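Everything below concerns the one structure shown next.
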There are 4 protein chains.
Amino acid sequence: MKAAVLHDFDESLTKADFVSYENVPDPKIVKPTDVIVRVGGAGVCRTDLHIVEGVWRGYVDTAFPHIMGHENAGWVEEIGVGVESVAVGDPVICHPLVTSGHCLACRRGEDMHAEGSSFPGINADGGYAEHLLTGERSLIRLPQSLAPKDVAPYTDAGLTAYRAAKKAAQHLRPGEFAVLIGAGGLGHIGIQVLGALCAVEMIVLDKSDLALGLAEESGAHHTIKADGGEVDAVLALTDGLGAEAVIDFVGEGNSIENGLAMTRNAGYYYIVGYGGRIQIPAIDMIITEKTIVGNLVGTYAELVELMALADRGIVKLATKEYKLADANQALHDLHNGTVRGRAVLRP
Amino acid sequence: MKAAVLHDFDESLTKADFVSYENVPDPKIVKPTDVIVRVGGAGVCRTDLHIVEGVWRGYVDTAFPHIMGHENAGWVEEIGVGVESVAVGDPVICHPLVTSGHCLACRRGEDMHAEGSSFPGINADGGYAEHLLTGERSLIRLPQSLAPKDVAPYTDAGLTAYRAAKKAAQHLRPGEFAVLIGAGGLGHIGIQVLGALCAVEMIVLDKSDLALGLAEESGAHHTIKADGGEVDAVLALTDGLGAEAVIDFVGEGNSIENGLAMTRNAGYYYIVGYGGRIQIPAIDMIITEKTIVGNLVGTYAELVELMALADRGIVKLATKEYKLADANQALHDLHNGTVRGRAVLRP
Amino acid sequence: MKAAVLHDFDESLTKADFVSYENVPDPKIVKPTDVIVRVGGAGVCRTDLHIVEGVWRGYVDTAFPHIMGHENAGWVEEIGVGVESVAVGDPVICHPLVTSGHCLACRRGEDMHAEGSSFPGINADGGYAEHLLTGERSLIRLPQSLAPKDVAPYTDAGLTAYRAAKKAAQHLRPGEFAVLIGAGGLGHIGIQVLGALCAVEMIVLDKSDLALGLAEESGAHHTIKADGGEVDAVLALTDGLGAEAVIDFVGEGNSIENGLAMTRNAGYYYIVGYGGRIQIPAIDMIITEKTIVGNLVGTYAELVELMALADRGIVKLATKEYKLADANQALHDLHNGTVRGRAVLRP
Amino acid sequence: MKAAVLHDFDESLTKADFVSYENVPDPKIVKPTDVIVRVGGAGVCRTDLHIVEGVWRGYVDTAFPHIMGHENAGWVEEIGVGVESVAVGDPVICHPLVTSGHCLACRRGEDMHAEGSSFPGINADGGYAEHLLTGERSLIRLPQSLAPKDVAPYTDAGLTAYRAAKKAAQHLRPGEFAVLIGAGGLGHIGIQVLGALCAVEMIVLDKSDLALGLAEESGAHHTIKADGGEVDAVLALTDGLGAEAVIDFVGEGNSIENGLAMTRNAGYYYIVGYGGRIQIPAIDMIITEKTIVGNLVGTYAELVELMALADRGIVKLATKEYKLADANQALHDLHNGTVRGRAVLRP
């Protein structure tokens, strides 16, 4: 099959071609619960750029040649002998993690913390290809309203934004404020989800006017250009107290420091983006009684919930399609900040 | 001052005049935290009809002559010497319960379960009058966007619907269903609140087309005429499984039996309206693992939250104004089911 | 193999022999995830008496001949081709429900509400036999500290008590009270679990002195003979207010009415036992804002948690062993109230 | 009256006399809700040393001369005209914060985040004195089982440990682990509370054998000398995975870095002690999905709960009494690590 293959790191992201479009062997069914999906769309994520940069070295082993692509949807092409919940031809979206389901985390519904899982596109071959090897437990059948190429980015960008917004919605009450930092691929979904799950007043920050426009369409009540005065602007909107929740989809540059500064006493700062470093004196955490929450994608059940929102038209994904052969163009556009919403590769 | 005074029960609700419009002594400040409010509006509640009927005998002592009216808003007229959080002239909405704030329930924010509280309109004189005696801890200053006569019914009808809907929103996930039984004074607010606080699919039942129209305007996704086939209709919409939450604003006739039958396994049935009786074999509760939840108005903080929704225009109250002198007309219209939303008396 | 087989109902429980000890065909592996367990112990449950009485007709189909026994532990004897998490010879305890793991309830960790599950001993053949057919997902490997015959009753009596007590412990605060009605097979475990999971003051009611003695050993702070004065006795201990939680392991006779009467305003009544009927006016539920909670066994993860308590000696099971051939004796002893703790059949 | 007065900072904590024992004017009732308490005992807290060091400059204004002492209990000596919930002579323990009760945080029961509060001993005169000015809302009447001098440290050391342990107990399940770093004044109460509120397996770290001995008496299941190998020791006890909760009562030196390293994926790190700095790459927070929780003393209701535990003998405080005149000795002993449990000053 054809695939866009990564052969080496590029720490400065300066190469013209990060990946190479070439022929690779087809994946094969091995275990009774294996499933091969014909890829309909594969989202292009900032994490892919971070993989190219080598940021994940030390955390995850990337063996070259590697096929990236952890946001996948398509159609069931072939199934192992034990598969009973999907059939060949079914349109499906793929939860990013492949798990056996036997560990206690899985039994409690917390798939993301499964023991012995694989993460195609990260530590196994992913969806920048015509076919993808995954497992029965990762698949959700799509309703007719949703085409694979239109929903692929929900599996990571969408799901990660969903889980963080859902955690925040659990404690946000009418009369309170939430700040969302970054209105890109994750942020524009996070805004819609948070607006659907609670009645908080949403303030969205971004450096880009393109993104702030998307934020408004997505339901932001206030948008603020992140040009250095954003902490003061948030305090001005919140009686000088800050927001009860800050969801940081950026996580680098000054977003962490600013995000913590915008978080109200007894409030929650959700870290979703990465690249930067959390630094705060213990005494500040204590006097303010803030909570800092890490966020790792989301569970299978949460992806089902997000699909229910998408099916009803409550959450809409802004996507820009590229051919699989143009994967490098998509990665560069993302790097240059010219993608509105999420880039998707189509084989 | 003028007031609409109840002098006796009328168990069959057949009298032309339930209350008498007459002169009564003005209320007086006694305790340092007492506040007298000039009434701007007093909501007319089905509970008032139940008081007239004598349903509350055995639960609460009603001493005649009694001034009903437990949904009140207006302007601060006079304050006790210890009052520091409101000033004369402030527009205010009155939480229905008057508490000292010293008991443990109050210290935990659960005002409704305060020890030694009074409930003007129920066990003390209420707002079917020109002035009302209440306490500092019951008052919320209104924003300029909200006039007392327009918001008075939020204090009980609104707050009760809010608390029940908020409890349900805490567990309702996208892809799930809620049934709301009754789209009258409480129900039409409950629909708006539930729609604001979560992304559940809402099915609303009522016997009245007038109410079902209001339900649609309020955001119901499905409306069903409660004419005998409502259980089947709900099951048909929910894959035969029922809804994860049923909020019963009626609580009499067959609504309880039907409501429990529409509740999905592991689901929650919220009882808000009353008059009827819950009856269910223990084995049914166990096999289905349902939960039955009683609901008693709401807390001060919840009324603040509801006002935030009203201030932002997210929840709107349908009201019909009557002069205080026409209190009997308002009570009869409510009894006859011809009030759209909530009747409000204006002195 | 040998089994104790039920051939017919006995509504009045007057027969000498409810079941017949006889030869039956061995169970066979059919599905890749099937597992056959050599039974080490099978608990004898009041539900078994209810099955004999025919109480479950209309809820569950019991096809005769039927092998009861839904509380099982033993050793893995044979496994299907897809089984990877247990091996032949492993000592195991069996979660009572057999599920495929594909439905959304299972994916959320709520196995008890799985679609398409079976319940050996209830709607399939159970463990009153030498061998039992179950599924991979039902099995928990036992630590060396725990022998199958000693732990079998944890799978239903223990797990049901655990789940109800765990729900209660989530809201019970120091300074509050819990009433536990019934200190038999479930109750004596519920007392120990509740004492381990929170610091509430526990009041235990039972009609039997034998059971009250076991309650004291299990950690009850107060024991009350349920001889008619139990409501007054509980109110006397709780400032006339009742308990924040009442867990009713009996659920028949006057335990439900009394249990609701002992539940404090804003408190929770947990119904676990059955046979009786919940009856309460809606107005009582509203004024008191009580919650009535149904309880259905527990999840796989909860059984793992309970095993952790048993392994550490924090919860101990009182059992009385019988030979499988003496199943009728065990059932009669249970019926006559002469079993201290739980009866267990050993093949 | 006599008081131990702080006249200046001592950044290096090298003075022989931090405070001066001298005559100061008696406090006076000003507001209707003011209460003067005759001090029975005042706890000596590491925060007092931090105040002497000047660590709190920039966070809280300390005006000299200043009377420290924020852990107070005694007897009501004089009350303002509006006070109705306590009477002269009542033995009381003082919640450390003095609030009006009108802000929304107070109305929700979250006193610690009250607007416009004062904190005697920190930003107002405290209990290193014969009398203390506080407010009605801060007082809890003591049962006869508890003498003021024996319980004073519960108001901050105890309450802070209680709140952090209670947060952890909400999510800790049987079979899980908690690490408590530091078994001093806070830690030895935290161990007892956590053991009372859940059934987790507790691992306690401390540099001091004296403290580890107290930890064992307090209910620790494992104790580890914090001599550099503590991270490995915790991982060895937890299958290499770390603990589901880490409560850090130290918060300086390497305890934060180690504490985060001992926290299991999806686990919670509670920061209670201070002096150090939290530093962690965003990517680490995300991959592990950890949560970092700030902790600020506790609420009035939580102090009531803690008193219920103390009254029943479930939590016991290790104290060492000093005369008020010997305040410097107590401060030096604390600084030198020779106090077992908590030092208390008695006028």
Side-chain angles (χ1 to χ4, degrees), chain A residues 29-35 76 79-87 90 92-117 134-141 143 159 162-163 166 297-308 311, chain C residues 29-35 76 79-87 90 92-117 134-141 143 159 162-163 166 297-308 311:
Chain A
I29 296 280
V30 177
K31 295 201 300 181
T33 54
D34 280 350
V35 176
V76 174
I79 60 176
V81 294
V83 173
E84 53 189 24
S85 62
V86 292
D90 281 351
V92 289
I93 186 165
C94 307
H95 186 273
L97 214 62
V98 181
T99 62
S100 76
H102 295 309
C103 76
L104 196 50
C106 281
R107 294 307 295 264
R108 283 176 170 144
E110 289 295 332
D111 323 73
M112 290 311 305
H113 295 286
E115 294 169 19
S117 61
T134 181
E136 176 179 19
R137 276 174 50 85
S138 303
L139 301 178
I140 298 169
R141 271 198 303 268
L159 183 54
Y162 180 82
R163 181 170 173 90
K166 183 182 172 185
V297 197
T299 67
Y300 178 92
E302 287 169 340
L303 186 54
V304 172
E305 294 164 24
L306 180 57
M307 287 300 97
D311 181 34
Chain C
I29 296 280
V30 177
K31 294 202 298 179
T33 54
D34 281 351
V35 176
V76 173
I79 60 176
V81 293
V83 173
E84 53 188 23
S85 61
V86 292
D90 283 352
V92 290
I93 186 165
C94 306
H95 186 273
L97 214 63
V98 181
T99 63
S100 76
H102 295 310
C103 76
L104 196 50
C106 281
R107 293 307 294 264
R108 284 178 170 141
E110 288 296 332
D111 323 74
M112 291 310 306
H113 296 286
E115 295 168 18
S117 61
T134 180
E136 177 179 19
R137 277 174 51 84
S138 304
L139 300 178
I140 299 170
R141 271 199 302 268
L159 184 53
Y162 180 82
R163 182 172 173 88
K166 184 182 172 186
V297 198
T299 67
Y300 177 92
E302 287 168 341
L303 186 53
V304 172
E305 294 164 23
L306 180 56
M307 285 302 96
D311 181 34

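Everything numeric here is computed off the predicted structure, so don't read it as measured data. Reminder, nothing fancy here: chain letters follow the sequence lines and each chain counts from 1.
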Rounded to the nearest 0.5 Å, what's the gap from CG on Leu139(C) to NE2 on His102(A)? Could you check? 10.5 Å

Rounded to the nearest 0.5 Å, what separates atom OG1 in Thr33(A) from atom CD in Glu84(C)?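 Going from OG1 on Thr33(A) over to CD on Glu84(C), the span is 7.0 Å.
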
Side chain / backbone / both / neither for Glu136(A) at chain C, heavy atoms under 4.5 Å: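 The side chain, not the backbone.
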
Non-hydrogen side-chain atoms of Arg107(C) and Thr299(A) separated by less than 4.5 Å: no

For a 4.5 angstrom cut-off between non-hydrogen side-chain atoms, does Arg108(A) reach Arg108(C)?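 Arg108(A) vs Arg108(C): side chains apart.
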
If I compare all heavy atoms of Gly101(A) with all of Arg137(C), which pair ends up nearest, and what's the gap? O-NH1, 4.4 Å

Is it the side chain or the backbone of Glu110(C) that comes within 4.5 Å of chain A heavy atoms, both, or neither? neither

